[in-house]
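Written out below as structure tokens is the structure these notes cover.
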Amino acid sequence: MQRIVKAGLTAAVAAVSALAPVAATAAERPEVTLDGTARLGQRPSAAVLSGTYACRGLQGSVQLMVSLRTRRDRTPSPAETQAMKQLFGPSAPTKLSSVTTQARTVEVTCDGSDTVRPWTRSFRGEWAKNSTAQAAVTMASIDLPTLKMTRHATASRTVTFS
């Protein structure tokens, strides 16, 4: 019985020791975050997404590519319903959806430090208060001679307009 326990403990220590270098390098990687709230302006025709980034070893020009994906569902008008029944028969859709994606870039300069800095980016559109959308941000650098893009960090989440 003691041999089994000793073997189990030895395996557990070996597993933790093997993961320790991975955990250390994960803390040294660049990082980007995305806040869960998109702030609406005076009129709901502009929204601002925000978050933070940390360069951690990156130096030079870096882009934060921010995207905002909204989906709107609506009930078709009687004329649309009639036309869809003619096209699709009895299995005509009862809701119509439209999806819109906007993408923006935030240019930042990295100095390789662990300093956490804020970023913001505005988007245009019409959003209702407390409605939601999908947002994502990717920290990337582009090597201009080869046009090779390297992704360093990414974050995505559902954001609520307020």
Side-chain angles (χ1 to χ4, degrees), residues 7-76 80 93 95-162:
L9 286 173
T10 303
V13 168
V16 169
S17 298
L19 290 176
V22 173
T25 57
E28 296 168 3
R29 291 187 194 139
E31 178 183 296
V32 65
T33 66
L34 180 61
D35 296 338
T37 302
R39 294 185 315 278
L40 292 173
Q42 292 287 356
R43 298 176 310 170
S45 62
V48 176
L49 293 180
S50 58
T52 60
Y53 69 96
C55 295
R56 292 195 184 110
L58 280 180
Q59 293 195 350
S61 179
V62 176
Q63 291 75 37
L64 303 179
M65 295 175 279
V66 187
S67 67
L68 180 65
R69 182 178 178 266
T70 56
R71 177 186 171 130
R72 296 179 198 258
D73 295 325
R74 67 176 181 88
T75 305
E80 290 171 322
K95 284 204 173 201
L96 298 177
S97 298
S98 63
V99 176
T100 304
T101 301
Q102 297 182 49
R104 303 282 187 271
T105 302
V106 179
E107 294 281 335
V108 298
T109 301
C110 281
D111 60 3
S113 72
D114 288 345
T115 305
V116 176
R117 296 177 175 93
W119 62 266
T120 60
R121 192 64 174 113
S122 61
F123 290 83
R124 291 225 170 270
E126 292 291 327
W127 299 284
K129 191 170 186 173
N130 296 323
S131 63
T132 61
Q134 296 297 315
V137 59
T138 300
M139 177 189 280
S141 58
I142 300 172
D143 180 37
L144 291 179
T146 64
L147 294 179
K148 180 184 175 193
M149 182 178 80
T150 304
R151 290 187 179 130
H152 304 289
T154 188
S156 61
R157 69 181 309 162
T158 299
V159 295
T160 302
F161 295 98
S162 66

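The analysis underlying the following values was restricted to heavy atoms, covering all of them including side chains, and did not include hydrogens, waters or symmetry mates.
Counting heavy-atom neighbours within 6.0 Å of Arg74 CZ, excluding the residue itself, gives a total above 12.
The main-chain N or O of Gly60 is never found under 3.5 Å from a side-chain atom of Thr109 such that the two would form a donor-acceptor pair. For Asp111 (side chain) and Ser113 (main-chain N/O), a donor-acceptor pair under 3.5 Å exists by modelled atom type. A distance-only check finds no donor-acceptor pair linking the side chain of Trp119 to the backbone of Leu34 [under 3.5 Å]. Checked by atom type and distance alone, the side chain of Gln102 never pairs as donor or acceptor with a backbone atom of Phe123 at under 3.5 Å.
Between atom NZ of residue Lys148 and atom CD1 of residue Ile142 there is a gap of 12.5 Å, rounded to the nearest 0.5 Å. In this structure, the separation between OG1 on Thr150 and CG on Leu58 is 9.5 Å, given to the nearest 0.5 Å. Rounding to the nearest 0.5 angstrom, the gap separating the OG atom in Ser61 from the CG atom in Leu144 is 8.0 Å. Here the straight-line distance linking atom CG of Leu49 with atom CG of Leu68 works out to 5.5 Å at 0.5 Å rounding.
Under the 4.5 Å side-chain criterion, counting only non-hydrogen atoms from C-beta, Thr52 is not in contact with Val32. Within the 4.5 Å cutoff, side-chain heavy atoms of Val99 are placed close to those of Arg69. Looking only at side-chain heavy atoms (C-beta outward), Met65 and Arg121 stay at 4.5 Å or farther from each other. Val116 has its side chain out of reach of Tyr53: every pair of non-hydrogen atoms, C-beta onward, lies at least 4.5 Å apart.
Contacts classified as disulfide (SG to SG under 2.5 Å) and involving residues 95-162 (residues at least two apart or in different chains) are given here: Cys55-Cys110. Among residues at least two apart or in separate chains, ring-ring contact (aromatic ring centres under 6.0 Å, His included) pairs with a member in residues 132-161 are Trp127-Phe161.
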Derivation and outcome, salt bridge (charged side-chain N to carboxylate O under 4.0 Å, His left out), residues Asp114 and Arg56
CA-CA 5 Å; Asp114 288 345; Arg56 292 195 184 110; 3.8 Å; yes

Give the intermediate values and the outcome of side-chain contact (heavy atoms from CB on, under 4.5 Å) for residues Val159 and Thr37.
CA-CA 5 Å; Val159 295; Thr37 302; over 6 Å; no

Please evaluate residues Arg39 and Ser50 with respect to the criterion side-chain contact (heavy atoms from CB on, under 4.5 Å), reporting the C-alpha separation (whole Å), side-chain torsions for both, the decisive distance (0.1 Å), and the verdict.
CA-CA 9 Å; Arg39 294 185 315 278; Ser50 58; 3.4 Å; yes

Can you give each donor-acceptor pair under 3.5 Å made by side-chain atoms of residues 130-140, sequence neighbours left out, with the distance rounded to 0.1 Å?
from: Ser131; atom 1: OG; to: Ala128; atom 2: O; distance (Å): 2.6
from: Gln134; atom 1: NE2; to: Thr158; atom 2: OG1; distance (Å): 2.8
from: Thr138; atom 1: OG1; to: Thr154; atom 2: OG1; distance (Å): 3.3

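With respect to Arg72 and Glu126, no salt bridge is recorded, no charged nitrogen being found less than 4.0 Å from a carboxylate O.
Thr120 meets the side-chain hydrogen bond (donor to acceptor under 3.5 Å, both in side chains) test with no other residue; sequence neighbours excluded. Under the side-chain hydrogen bond (donor to acceptor under 3.5 Å, both in side chains) criterion, Asp73 pairs with Arg71, Ser97, sequence neighbours left out. Residues passing the salt bridge (Lys or Arg N to Asp or Glu O under 4.0 Å) test with Arg151, sequence neighbours excluded: none.
Taking each heavy atom of Ala38 and Ala47 in turn, the nearest pair found is CB-CB, 4.5 Å.
A side-chain contact (heavy atoms from CB on, under 4.5 Å) with Gln63 is found for exactly one of Val108, Thr105, Val106, namely Thr105.
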